[in-house]
Amino acid sequence: MLFVAGLLANPFEALGLEWQSIVLHLFNLVVLTVGLYFLLFKPVKRMVKERQAKVKKIEKENAELNEEVKRMKESTEAVLSDAKKEAAVIHENAVKVANQKADDIVSSARREAKSLIERTEQEMEEEHRKLQSDIEKQIADVSLAVAEKVLAREVTPEDDKKLIEDSLAQWSKD
């Protein structure tokens, strides 16, 4: 019982502990906790906050870049759409110019053909006149030779002229 009474009076002594030792251990625990707080917990906490700030900054930059990419894509699509419209206008203008040139070429060819036809007709008319003049001359010569033989005399220019006119008149009727 003495033992039980001793335990009740000073329970730490029965376990082999002294109150100074307990206070010293408590003091060491507080110093160790404060030291660990300042040496480990605060720097780790600060490092985690910095890392979180970097991650947020990177996420913000990512979002900004995504927005810029979207704007650039929309801008590119608008530029591409404008380029397609401009290409269509250029194509349409090229077709118009080509059609105009084709029309010009056709009209030029028609003018040249008309000029060639007119020149050919003039040449034919001139050739016709020459042939008619040659025929009239040959007819006159033949008529004169025939008249000389028929009349057996020399034909005067007046007789010659009258014979030619008569022959031409008769020839025109036939």
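The shown structure was predicted, so the numbers you read here are calculated from the model rather than taken from an experiment.
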* Spacing of Glu127 atom CD and Thr120 atom OG1 [to the nearest 0.5 Å] -> 12.5 Å

* **More than 12 heavy atoms of other groups within 6.0 Å of Gln20 CD** => yes

* Structure fact -> Per side chain to side chain contact (heavy atoms under 4.5 Å, CB included), Ser81 is matched among Lys84, Lys85, Glu77 by Lys85

* May I ask whether Leu40 and Leu32 are part of the same hydrophobic cluster, defined by side-chain heavy atoms of I, L, V, M, F, W, Y residues being less than 4.5 angstrom apart, directly or through others? => yes

* Close side-chain approach of Leu26 to Val30, heavy-atom, < 4.5 Å -> no

* To do: Could you walk me through whether Glu112 and Leu116 pass side chain to side chain contact (heavy atoms under 4.5 Å, CB included), step by step?
  => CA-CA 6 Å; Glu112 288 178 18; Leu116 183 63; over 6 Å; no

* Asked: Can Gln100 and Asp104 be counted as having a side-chain donor-acceptor contact under 3.5 angstrom?
  -> yes

* Nearest 0.5 Å please: distance from the NZ atom of Lys137 over to the NZ atom of Lys130. => 13.5 Å

* Asked: Between the main-chain N or O of Arg71 and the side-chain N or O of Ser75, is there a donor-acceptor pair closer than 3.5 Å?
  -> no

* 4.5 Å side-chain heavy-atom contact, Glu126 and Gln122 -> no

* So do the side chains of Lys60 and Lys57 get within less than 4.5 Å of each other, counting heavy atoms only? -> no

* To do: Check whether Tyr37 and Val48 end up in the same hydrophobic cluster, where Ile, Leu, Val, Met, Phe, Trp and Tyr are linked by side-chain heavy atoms less than 4.5 Å apart.
  => no

* **Lys73 side, atom NZ; Leu80 side, atom CG - distance, nearest 0.5 Å** => 12.0 Å

* To do: Please round to the nearest 0.5 Å and tell me the distance separating atom CG of Asn28 and atom CG of Leu24.
  => 5.0 Å

* **Ser133 side chain vs Arg129 backbone, donor-acceptor pair below 3.5 Å** => no

* Straight-line distance of Glu61 CD to Glu68 CD, nearest 0.5 Å -> 11.5 Å

* Asked: Does Ser115 reach the main-chain N or O of Arg111 with its side chain, forming a donor-acceptor pair under 3.5 Å?
  -> no

* **Sidechain N-carboxylate O distance under 4.0 Å for Glu92, Lys96** => yes

* Determine, using the 4.5 Å side-chain heavy-atom cutoff (strictly less than), whether Val44 and Leu36 are members of one ILVMFWY cluster. => no

* Say you draw a straight line from CD1 of Ile58 to CZ of Arg51; how long is it, rounded to the nearest 0.5 Å? -> 9.0 Å

